[in-house]
Amino acid sequence: MKFIQKSAARVVKQVDTEIKNCDKRMQKIIDSDEELKATFEIVTSIKGVALQNGTVLLVVTNNFKNFDFNARKLACYYGVAPFGKDSGTSVHVKPHTSCFADTQIKSLLSEAAKCAVVHCTELKQYYQRLIARGKKHMVALNNVKNKMLHMIVAMVKSGQKYNPNHKAQLALQYEISNN
């Protein structure tokens with residue numbers, strides 16, 4: 001039994017080392033290109049999005065050159081955009097997400113959303129409002145994923161990092177301009 005435990009510990013250590021090496025290589029590639037680096041810094045400025053999610057976003061969107069800064073298209077690709085069917089009075093299908101999305105990138109985004117719900121005040125409040133309205137946990141989490149993608153696309157499009165005080169600053173600017 002101890003032999004199996006020692007062997008498993010060695011394998012886990014090797015896998016951890018390889019993951020760290022891959023992370024270093026990804027970061028090195030991103031750092032080598034100024035445009036990638038700038039976009040990566042914007043994307044990872046939101047809580048929950050780190051190296052792997054940021055890298056996947058850059059690769060999937062070709063540094064946001066694909067999808068024309070259309071967050072809905074990106075959400076569809078990630079499989080988090082809900083679609084329903086309505087036709088007259090007889091056909092009513094509740095909105096649901098597509099099962100054809102890439103499950104690996106969707107699961108990465110799921111982990112980012114779980115982290116964001118804990119650490120990002122804006123997304124945490126959004127999630128709690130959805131739960132308070134009676135949404136199920138997974139539906140609310142999917143909505144958070146969708147909102148995250150919309151926020152990321154907007155941040156990259158404007159070239160600004162995530163600012164948790166953005167709404168307060170907008171309210172202050174509105175108040176000042178009306179006086």
Side-chain angles (χ1 to χ4, degrees), residues 6-83 97-127 138 140-167 169-170:
K6 286 181 181 180
S7 178
R10 271 195 314 271
V11 169
V12 168
K13 189 175 180 178
Q14 286 175 328
V15 169
D16 286 343
T17 303
E18 287 301 315
I19 290 172
K20 287 177 186 174
N21 289 339
C22 287
D23 286 349
K24 286 177 186 176
R25 290 174 64 193
M26 284 189 296
Q27 191 65 53
K28 187 176 179 181
I29 291 168
I30 291 168
D31 289 341
S32 69
D33 185 295
E34 288 302 316
E35 186 181 347
L36 276 178
K37 186 176 179 180
T39 305
F40 181 77
E41 287 175 1
I42 292 169
V43 168
T44 56
S45 66
I46 190 166
K47 299 273 187 191
V49 179
L51 179 64
Q52 290 180 4
N53 266 303
T55 304
V56 167
L57 267 167
L58 293 176
V59 170
V60 164
T61 64
N62 189 22
N63 196 19
F64 290 87
K65 291 178 178 89
N66 299 347
F67 298 102
D68 303 320
F69 292 105
N70 187 328
R72 179 77 175 169
K73 287 181 183 178
L74 185 59
C76 289
Y77 184 81
Y78 265 81
V80 297
F83 289 97
T97 59
S98 173
C99 60
F100 296 111
D102 186 327
T103 55
Q104 279 190 311
I105 63 172
K106 189 173 181 178
S107 67
L108 279 173
L109 188 61
S110 295
E111 293 304 314
K114 288 176 190 175
C115 185
V117 164
V118 173
H119 298 288
C120 179
T121 307
E122 183 180 352
L123 292 172
K124 182 178 189 176
Q125 291 171 351
Y126 177 66
Y127 173 80
M138 292 307 289
L141 196 61
N142 189 70
N143 288 3
V144 169
K145 291 185 262 187
N146 197 351
K147 186 170 185 82
M148 282 179 73
L149 287 175
H150 279 75
M151 290 169 64
I152 289 167
V153 169
M155 291 182 327
V156 171
K157 189 175 184 178
S158 68
Q160 296 180 350
K161 290 183 180 181
Y162 176 71
N163 180 0
N165 301 320
H166 179 69
K167 288 183 181 177
Q169 287 176 346
L170 286 177

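The figures that follow rest on heavy atoms only: side chains count, while hydrogens, waters and symmetry mates do not.
Residue pairs satisfying the side-chain hydrogen bond (donor to acceptor under 3.5 Å, both in side chains) criterion with at least one member in residues 12-30, sequence neighbours excluded, are listed as follows: Gln27-Asp31. Sorted by first then second residue, the salt bridge (Lys or Arg N to Asp or Glu O under 4.0 Å) pairs that include residues 45-62, not counting sequence neighbours, number zero.
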Q: Begin with the C-alpha distance, continue with both residues' side-chain angles, and end with the deciding distance and a verdict on side-chain contact (heavy atoms from CB on, under 4.5 Å) for Leu74 and Phe69.
A: CA-CA 8 Å; Leu74 185 59; Phe69 292 105; over 6 Å; no
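Listed here is the closest heavy atom pair of Val60 and Tyr78: CG1-CE1, 4.5 Å. Summarising the geometry of Gly54 relative to Val49, their closest heavy-atom pair is N-CG1, 3.8 Å, with the distance given to 0.1 Å. Residues Thr44 and Ala50 come closest through the heavy atom pair CG2-O, 3.6 Å. Nearest approach of Leu36 to Ile29, heavy atoms of both residues: CD1-O, 4.4 Å. The two atoms that bring Met148 and Ala113 nearest to each other are SD-CA, 3.6 Å, heavy atoms only.
One distance of note links CG of Leu109 with CG of Asn146; it measures 9.0 Å at 0.5 Å rounding. Rounding to the nearest 0.5 Å places CG of Leu149 at 6.5 Å from CG of Leu57. The CD atom of Glu122 lies 4.0 Å from the CE atom of Met151; values are rounded to the nearest 0.5 Å. Between atom CE of residue Met26 and atom CG of residue Leu51 there is a gap of 4.0 Å, rounded to the nearest 0.5 Å. In this structure, CE in Met155 is found 8.5 Å from CZ in Phe64, a value given to the nearest 0.5 Å. Here the CG atom belonging to Asn53 is positioned 5.0 Å from the CG atom belonging to Leu108, to the nearest 0.5 angstrom.
Between Glu34 and Lys37 there is no salt bridge, since none of the side-chain N atoms of the basic residue sits less than 4.0 Å from a carboxylate O of the acidic one.
Between Thr61 and Tyr77, the closest side-chain pair of non-hydrogen atoms is not below 4.5 Å.
Partner of Tyr126 under the side chain to side chain contact (heavy atoms under 4.5 Å, CB included) criterion, out of Thr121, Val117, Asn143: Asn143 alone.
No donor-acceptor pair closer than 3.5 Å links the side chain of Asn62 to the backbone N or O of Lys65. A donor-acceptor distance shorter than 3.5 angstrom exists from the side chain of Asn142 to the backbone of Val80, with no hydrogens or angles considered.
Summarising the local packing, NZ of Lys124 is surrounded by 12 or fewer heavy atoms from other residues, nucleotides or ligands at distances under 6.0 Å.
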